Amino acid sequence: RKSTPGTPQETIVTDKFAFAFDIDGVLIRGGEPIPEAVEAMKALNGDNEYGIKVPYIFVTNGGGKTEQERCIQLSKQLELEVSPGQFICGHTPMREMAERYNTVLVVGGEGEKCREVAEGYGFKDVVTPGDIIKDNADTTPFRMLNSSEIENSRARNFGECEIEAIFVFADSRDWACDQQIILDLLMSKNGRLGTRSETFDEGPPVYFSHNDVVWSTSHDLTRIGMGALKVSLEAMFKAVTGKEIKTTAFGKPQIGTFQFATRLLQQWRKDTHGINAPPETVYFVGDTPESDIRGTNLFNEQAENTWYSILVKTGVYQPGTTPKFTPKATVDNVLEAVRHGMDREY
Ligand code: G3P
Ligand code: MG
């Protein structure tokens, strides 16, 4: 489809290029849209000097809710409709692990939300830290469950159950408690609580939905995130057992996340715009050099130079410093990023 300038009524969808957006620090900060975000979305939807619409998807490391719920929230914040068909969060690719394990521990997020998400992905038997504390309150000496946690937790005899894998879906709301329970499992015999391995190499694997040490939210300065919990857990395992533990992280900058995003974008362009060929360029707009820019650049090397990294100054990256991973372009904000991509195309 040829993209020619025109009035909004004549707006056509370009098949030449597309955008992918990080969320925290690019579009949203602390639950509020970044000032230029709404205008940037309007520009993609035809409010631009070229009279075109540009397909786009969202790729966030965040999570803690179902994709459906996150999209409803994002639609309100950005004043447009966002569909799960154009959305990936940190834990979305974990869906593909549901068949592999029977009983799993799911950590992080508000209340029982992440259990719901995991069950929605098809995980068969999902345990939360609350379940374990309900079964044995001595697990975490300084943590009492509140009445709603007691009501929603599912006690069982954990002495008889093998937890086969640990998934950290979203940020922990109680590091001490969650780390104690993860550590207990890592040091156990085959994921059986209450046991201690002699070799410390028979505990379940641990998967994190991403590895961001810091992220950008309502505070002026960055806040520690899930990557910090990962570092902390690894150090603690070493301090207690003298051994190294290998953990796995999903999310950006993992190549797998960008491959997943490529498939999603392809499907989205096909289903909503009837475009069958891949785009010549995907502009990825992010605020975190270590995950967004690093991942986009790495992926670009194997994606025949089709991914183009744009760094914004509204989040983790601080202007005046040299980013650890060099973007193709650095701009002030997401609206400038959209303009940069469009201007480069025409
Ligand atoms: O916890 C979320 C955060 O680490 C990053 O989210 O949208 O910037 O990838 P995002
Ligand atoms: Mg971000």
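These numbers come from a predicted model, not from an experiment. This chain uses plain numbering: 1 for the first residue, then up along the sequence. Whatever order the structure lists them in is the order used to number ligands and atoms, beginning at 1.
Around ligand 1, the residues contributing at least one heavy atom under 4.0 Å from the ligand are Asp22, Ile23, Asp24, Thr60, Asn61, Gly62, Asp171, His210, Asp212, Trp215, Lys252, Asp287.
Sorting the N, O or S atoms of Asp22 by how far they are from the Mg ion (ligand 2) puts OD2 first.
Residues Phe167 and Phe123 meet the side-chain proximity criterion, which asks for heavy atoms closer than 4.5 Å.
The distance from the Mg ion (ligand 2) to the nearest N/O/S atom of Asp292 is not under 2.8 Å. Not a single N/O/S atom of Asp212, whether from backbone or side chain, sits less than 2.8 Å from the Mg ion (ligand 2).
Seen from the Mg ion (ligand 2), atom OD1 of Asp287 and atom O of Asp24 lie 90° apart in angle, a value rounded to 10°.
A donor-acceptor pair under 3.5 Å is formed between the side chain of Asn48 and the backbone N or O of Ala43.
Between Arg196 and Asp184, at least one side-chain N (NZ, or NE/NH1/NH2) sits under 4.0 Å from a carboxylate O, which counts as a salt bridge.
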What verdict does the salt bridge (charged side-chain N to carboxylate O under 4.0 Å, His left out) test give for Glu67 and Arg70, after you've listed the backbone C-alpha separation in whole Å, the side-chain angles of each residue and the deciding distance to 0.1 Å?
CA-CA 5 Å; Glu67 285 77 2; Arg70 281 295 308 254; over 6 Å; no

Tyr121 vs His91, test: side chain to side chain donor-acceptor pair (under 3.5 Å). Steps then yes/no.
CA-CA 10 Å; Tyr121 287 171; His91 45 66; 2.8 Å; yes

Test log, rule side chain to side chain donor-acceptor pair (under 3.5 Å), inputs Thr66 and Glu69
CA-CA 5 Å; Thr66 63; Glu69 282 175 85; 3.2 Å; yes

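Taking all atoms of both residues into account, the shortest heavy-atom contact from Ser309 to Thr326 is OG-O, 4.3 Å.
Aromatic rings of Phe17 and Tyr308 (six-membered ring for Trp) have centroids beyond the 6.0 Å cut-off, not under it.
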